[in-house]
Amino acid sequence: MHQPINSIQKIYYIILVVIGVPVNLLAIVILSRGKCGLSTCTTRYLVAMATADLLFIITDVILGRISYYYFAGSFLDITPVCSVINVLRYEATDCSVWFTVTFSFDRFVAICCQKLKTKYCTKKTAAVVLATTCILLCLQNIPLYFIYVPGEIIDNVPWFCTVNPSCYTEPGWVGFDRFDIVLTPLLPFILILLLNALTVRHILMASRIRKRLRGQSKGENRSDPEMESRRKSMILLFTMSGSFILLWLMYVIYFLTCSIAGINLEDYTHPLYIFGQVGLMLQVLSCCTNTFIYGATQSKFREQVKNAVKYPMTSIIQLMNKQNN
């Protein structure tokens, strides 16, 4: 029996799609034009993250969750089809998470490693890093296709995806499952927190040194273009990574609690189940937040959004004026 949280989710995921698809498409188009005042290297990471978030919405939210609530029993539930969809869901999730990690590392290098910056923070390196990450994650997720067996056989057609019971006992599958847990989301959490901590430490130390050198410690107030550039880069990095951590935190706590305690909840009224579902909703929300973060932290991005919104109206007005003349 579905509980109130499930009824809320049915509406929530529809709203998420209505908002998430256009905002991620808008972010991809605007960032790809390269007119937001960001380096080509940073732009490539942000476009990749927006693309991964869009694919996550399509595979996880639309093909996974919405189809479950509104189109149960459709061809999407045929075992080979839903097996492929589940693999794509995991792949999109992993890419969305790990692209955030690669972006955090790129900003760490740009801010803290000036000697390495000129070689690493380039559009070519960004393309190689993103492509390599995507390929490795694809290869890592291929075995997931083989963990599913049909839930029912109807007229010789296999329906639904049920995890093969042997996957819970065979050492190979148990090891793979633990590796997958570490890969996403535990390791990304640790790496993002570590990179941010090192970046903050470096910025604070560099700021003190530059203030002494520029005489600001004696009360002088001079503008520092270098620190201002770092400040803007830091705001974008910390806002995006901080949003990721906060929105994933409840789900990670729930996941770890169930994994460590060996809990398999079947009681939909259990507080821990509701906690986990709310955490899942927040985790899914993370695929829609980056575009709003760009708008809040990047003035040139806001300007491009305004131009994109005004363009259809100005085009219509110009067309009407031509017809009247």
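Please read all numbers here as calculations on a predicted model, not as lab measurements.
Side-chain atoms of F255 and L186, non-hydrogen and from C-beta on, never get closer than 4.5 Å to each other. Within the 4.5 Å cutoff, the side chain of F275 has no heavy atoms near those of the T257 side chain. Contact of the I147 side chain with the N164 side chain is not registered, since no non-hydrogen atoms from C-beta on lie closer than 4.5 Å. A 4.5 Å side-chain heavy-atom check between T289 and F244 finds every atom pair outside the cut-off. Contact annotation: the side chain of E303 never approaches that of K35 to less than 4.5 Å [non-hydrogen atoms, C-beta and beyond]. Side-chain atoms of Q304 and N307, non-hydrogen and from C-beta on, do get closer than 4.5 Å to each other. Within the 4.5 Å cutoff, the side chain of Q140 has heavy atoms near those of the F179 side chain. When side chains are defined from C-beta on, V174 does not count as touching T169, because their heavy atoms never get closer than 4.5 Å.
The closest donor-acceptor contact from the side chain of T297 to the backbone of I293 lies under 3.5 Å. Side-chain atoms of S286 come within 3.5 Å of backbone N or O of Q283 as a donor-acceptor pair. In terms of modelled atom types and a separation under 3.5 Å, the side chain of N24 and the main chain of C287 share a donor-acceptor contact. At distances below 3.5 Å, at least one donor-acceptor pair connects side-chain atoms of Y12 with backbone N or O atoms of M281. Although no hydrogens or angles enter the test, the distance criterion places a donor-acceptor pair under 3.5 Å between the side chain of Q114 and the main chain of A110. Using a distance-only test at 3.5 Å, with no hydrogens or angles considered, a donor-acceptor pair links the side chain of S67 to the main chain of G64. A side-chain donor-acceptor contact under 3.5 Å links D77 to the backbone of G73. Panel note: side chain W98, backbone L183; a donor-acceptor pair is recorded below 3.5 Å. With hydrogens and angles disregarded, no donor-acceptor distance shorter than 3.5 Å links the side chain of S96 to the backbone of T93. Looking at D177, its side chain never comes within 3.5 Å of a backbone N or O of W173 through a donor-acceptor pair.
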(request) For I66 and V17, run side-chain contact (heavy atoms from CB on, under 4.5 Å): C-alpha distance rounded to whole Å, both residues' side-chain angles, the deciding distance at 0.1 Å, then the answer. (result) CA-CA 9 Å; I66 290 180; V17 170; 3.5 Å; yes
(message) Would T43 and K123 count as a side-chain contact (heavy atoms from CB on, under 4.5 Å) here? Give the steps.
(response) CA-CA 9 Å; T43 299; K123 61 180 182 180; over 6 Å; no
(request) Would you please test C288 and D53 for side-chain contact (heavy atoms from CB on, under 4.5 Å) and show each step? (result) CA-CA 7 Å; C288 299; D53 288 343; over 6 Å; no
(message) Is there a side-chain contact (heavy atoms from CB on, under 4.5 Å) between F108 and S104? Walk through the geometry before answering.
(response) CA-CA 6 Å; F108 165 76; S104 299; over 6 Å; no
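In this model, C82 has its SG atom within less than 2.5 Å of the SG atom of C161.
You'll find the ring centres of Y148 and F160 outside the 6.0 Å limit.
Grouping the Ile, Leu, Val, Met, Phe, Trp and Tyr side chains by contacts below 4.5 angstrom, directly or via other members, places L38 with V109. Tracing side-chain contacts under 4.5 Å through hydrophobic residues (I, L, V, M, F, W, Y), one never reaches V61 starting from Y90; they form parts of separate clusters. Residues V200 and F103 share a single hydrophobic cluster, defined by chaining ILVMFWY side chains whose heavy atoms lie under 4.5 Å apart. In this structure, L256 is a member of the same hydrophobic cluster as M250, with clusters built from ILVMFWY side-chain heavy atoms closer than 4.5 Å. L187 and I181 end up in the same hydrophobic cluster when Ile, Leu, Val, Met, Phe, Trp and Tyr side chains are linked at under 4.5 Å.
The shortest heavy-atom contact between K10 and Y69 is CG-CD2, 3.3 Å. Nearest heavy atom pair, residue A127 against residue R44, reads CB-NH1, 3.1 Å. Between C134 and F99, the closest heavy-atom pair is CB-CZ, 4.4 Å. For T162 against G151, the heavy-atom pair with the smallest separation is OG1-CA, 3.5 Å. Between C167 and V163, the closest heavy-atom pair is CB-CG1, 4.2 Å. Here the closest non-hydrogen pair linking C36 and F301 is SG-CD1, 3.8 Å.
Within 6.0 Å of CZ in F75 there are 12 or fewer heavy atoms belonging to other residues, nucleotides or ligands.
With values rounded to the nearest 0.5 angstrom, N290 atom CG is found 6.5 Å from S243 atom OG. One finds the SG atom of C41 at 10.0 Å from the NZ atom of K117 (value rounded to the nearest 0.5 Å). For the atom pair CD1 of I203 and CD1 of I111, the computed distance is 4.5 Å after rounding to the nearest 0.5 Å. Note that the CG atom of L130 and the OG1 atom of T102 stand 5.0 Å from one another [nearest 0.5 Å]. Separation of atoms CG (L55) and CG (L63) is listed at 10.5 Å; rounding is to 0.5 Å. The distance from atom CG of D106 to atom CG of L237, rounded to the nearest 0.5 Å, is 9.5 Å.
T125 and T122 form a side-chain donor-acceptor contact under 3.5 Å, judged by distance and modelled atom types alone. One side chain, T42 or S39, offers a donor N or O that lies under 3.5 Å from an acceptor on the other.
Residue I135 is tested with L139, T133, T132 for a side chain to side chain contact (heavy atoms under 4.5 Å, CB included); the sole match is L139. Under the side-chain hydrogen bond (donor to acceptor under 3.5 Å, both in side chains) rule, E91 has a single partner from N86, N141, T59, which is N141.
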